[in-house]
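Only one structure is covered here, and it is reproduced in the block below.
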Protein chains: 2
Amino acid sequence: MENLPAHFDSLFTVDCIIFGFDEGELKILLIERNEDPFRGWFALPGYFVEKTEAIESAAQRILYESTGLKGIYMEQFYTFGALGRHPQGRVITVAYYAMIRLTGQKDVKPVSDFARQAVWVNVKDIPELAFDHSRIFRKGFEKIRNKISYQPIAFELLPEKFTLTQLQNLYEVILNKKLDKRNFRKKMLSYDILKELDEKQKGVSYRAAKLYKFDKRKFAKNFHKELSFTK
Amino acid sequence: MENLPAHFDSLFTVDCIIFGFDEGELKILLIERNEDPFRGWFALPGYFVEKTEAIESAAQRILYESTGLKGIYMEQFYTFGALGRHPQGRVITVAYYAMIRLTGQKDVKPVSDFARQAVWVNVKDIPELAFDHSRIFRKGFEKIRNKISYQPIAFELLPEKFTLTQLQNLYEVILNKKLDKRNFRKKMLSYDILKELDEKQKGVSYRAAKLYKFDKRKFAKNFHKELSFTK
DNA sequence: GTTCCTTAGTGTAATAAATACACCTTATAT
DNA sequence: ATATAAGGTGTATTTATTACACTAAGGAAC
């Protein structure tokens with residue numbers, strides 16, 4: 001094992017799908033590549049993992065370089081290692097997603113030398129991406145669509161204080177379907193994971209809605225994922 | 001990219017959790033290592049991925065070398081790449097699971113030079129494993145426990161023809177809880193994914209049960225995974 | 001062939017969850 | 001004061017989940 005032949009060495013990257021929710025639209029962060037191959041194409045933020053770096057750390061580093069954000073929870077969702085996925089040979093990539101709170105978008109400053117620019121793109125308007133990134137995106141999007149139905153991941157995309165309508169809109173955008181307002185509220189409130197605030201929405205030209213917070217403590221106490229065959 | 005420095009090269013393995021169901025017990029295949037590090041310890045079947053090999057192919061190869069089986073569906077479930085997981089430096093491993101049909105166990109012949117032996121071990125009796133394989137096992141087991149509640153993966157572990165009681169036993173072993181016979185049958189049959197055969201169990205010293213088959217065609221037509229917020 | 005043993009196989013009532021559906025209220029803008 | 005736009009609310013129906021116990025069938029033992 002100490003003397004493993006070189007043919008076992010591999011090239012290794014991390015790619016990230018960074019979701020944000022802004023003005024009612026679900027978006028992801030894309031970079032325009034400034035390097036061959038695929039110079040000028042859009043791609044998911046990602047880069048090579050160093051030999052002495054843990055995958056998780058690499059993912060955090062890439063998130064930081066793409067958005068300026070630190071300490072965001074990222075979930076690994078799949079590893080891609082087909083032969084044809086990179087024109088220069090087999091490159092294995094571990095894919096992560098992150099959901100971030102765009103507080104007016106001002107704090108997110110993408111920084112990357114291998115990229116001409118970074119842009120937020122509505123998930124409905126993603127162009128064809130470099131390498132197999134289109135496939136990676138589809139798989140990641142499917143994952144969160146699936147996950148949102150049984151885990152409270154949506155809150156990470158919203159401002160800390162939000163209205164039930166904003167929350168419902170986010171669910172509708174991710175699930176790509178209309179939901180019934182009364183049933184949505186009844187169900188969401190029945191989970192008992194939200195804290196109702198004494199505050200109301202401001203700056204709207206119609207009746208202001210109550211604001212809510214996601215309540216981690218209540219969540220831990222009250223939320224139990226139900227599965228079939230529970231008894 | 002063509003001239004990437006060597007510090008981007010990494011060592012890369014695939015590890016497999018191979019589940020089998022035998023005499024009412026859920027088991028996995030373990031090998032006893034014959035190489036340092038962890039010589040003499042039990043470990044998940046696994047090995048290095050070649051530089052020119054797709055991950056999927058490597059997983060298939062390792063399954064073949066461990067069991068003599070080909071063409072079994074394997075699902076990738078997580079990639080482990082922490083710094084301390086291997087004593088000789090950072091090694092990244094992509095973990096897969098497979099569920100195989102032990103038709104009397106005769107056809108499964110583990111073959112591996114780096115292993116002293118391969119043994120089937122009840123999931124309730126897994127010893128401490130080499131590297132972080134105990135953790136990998138726990139994560140994979142959790143995955144199938146979760147998945148069995150909404151996907152028909154249990155059938156892959158059973159003989160082609162099985163009784164409802166056998167199916168229920170398998171669910172009970174994986175979920176680690178007793179289920180109600182009437183409710184289990186009602187629900188399972190309501191999915192309409194089984195074909196009732198004209199045959200009965202043989203060689204039992206009590207009333208023989210009807211045999212069923214998993215019906216792929218019915219499954220495709222009738223099975224719709226239900227999620228919350230469907231409307 | 002009678003009895004014993006073991007598992008197969010079945011139905012219903014009660015409870016809980018999901019769905020369908022429409023109107024009045026409140027805040028701001030004009 | 002009026003118009004506009006979203007906020008906020010309840011109930012009846014349907015569907016799914018749960019709890020629960022006895023008879024039927026087949027082979028084994030005598």
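Note that this is a predicted model, so its numbers are computed, not measured. A note on names: the letters A, B, ... follow the listed sequences, proteins ahead of strands, and every chain is numbered from 1.
- If you measure from atom CZ of B:Phe184 to atom C1' of D:dA19, you get 18 Å, rounded to the nearest angstrom.
- Spacing between atom CG of B:Leu211 and atom P of D:dG26 amounts to 14 Å, rounded to whole angstrom units.
- A salt bridge links B:Lys147 to B:Glu75: one of the charged nitrogens lies within less than 4.0 Å of a carboxylate oxygen.
- Comparing D:dA21, C:dG9, D:dG8 against the side chain of B:Lys210 picks out C:dG9 as the nearest.
- With the nearest nucleotide of DNA chain D identified for both B:Val204 and A:Thr163, A:Thr163 has the one nearer the 5' end.
- Distance A:Lys177 NZ to C:dA18 C1': 13 Å, rounded to the nearest Å.
- Distances shown here put every side-chain N or O of B:Arg182 at or beyond 4.0 Å from the OP1 or OP2 atom of D:dA19.
- Between A:Asn169 atom CG and D:dA6 atom P the separation is 10 Å, expressed in whole Å.
- Between the CG atom of B:Leu194 and the P atom of C:dG9 there is a distance of 13 Å, rounded to whole Å.
- Distances shown here put a side-chain N or O of B:Thr165 below 4.0 Å from the OP1 or OP2 atom of C:dA8.
- The OH atom of A:Tyr191 sits 11 Å away from the C1' atom of C:dA18 (whole-angstrom rounding).
- Residue A:Lys186 has no polar side-chain atom (N or O) positioned under 4.0 Å from OP1 or OP2 of D:dT9.
- The shortest distance between the side-chain N/O atoms of A:Lys181 and the OP1/OP2 oxygens of D:dT9 is not below 4.0 Å.
- Comparing B:Ala209 and A:Ala208 by the nucleotide of DNA chain C that holds the closest heavy atom to each, the one mapping nearer the 5' end is B:Ala209.
- In this structure, the NZ atom of B:Lys202 is 17 Å from the P atom of C:dA8, given to the nearest Å.
- Taking the charged nitrogens against the carboxylate oxygens, B:Arg138 and B:Glu142 have no contact shorter than 4.0 Å, which rules out a salt bridge.
- Listed nucleotides: C:dA27, C:dA18, C:dT19. Nearest to the side chain of A:Lys187: C:dA18.
- Residue A:Arg185 places no side-chain N or O under 4.0 Å from the OP1 or OP2 atom of D:dT9.
- For the pair B:Glu156 and B:Arg101, the salt-bridge criterion is not met [side-chain N within less than 4.0 Å of a carboxylate O].
- Each of C:dA8, C:dA27, D:dA28 was ranked by its minimum atom distance to the side chain of A:Arg207; first place goes to C:dA27.
- When each of A:Tyr206 and A:Leu189 is assigned the nucleotide of DNA chain D with its nearest heavy atom, A:Tyr206 is the one assigned upstream, toward the 5' end.
- Set against C:dT28, C:dT26, D:dC20, the side chain of B:Asp180 has D:dC20 as its closest nucleotide.
- Taking the six-membered ring for Trp, A:Phe214 and A:Phe219 have ring centres closer than 6.0 Å.
- Taking atom CG on B:Leu167 and atom C1' on C:dA8, their separation rounds to 15 Å, with Å as the unit.
- Ion pairing of A:Glu172 with A:Lys178 is present here, as a side-chain N (NZ or NE/NH1/NH2) and a carboxylate O approach within less than 4.0 Å.
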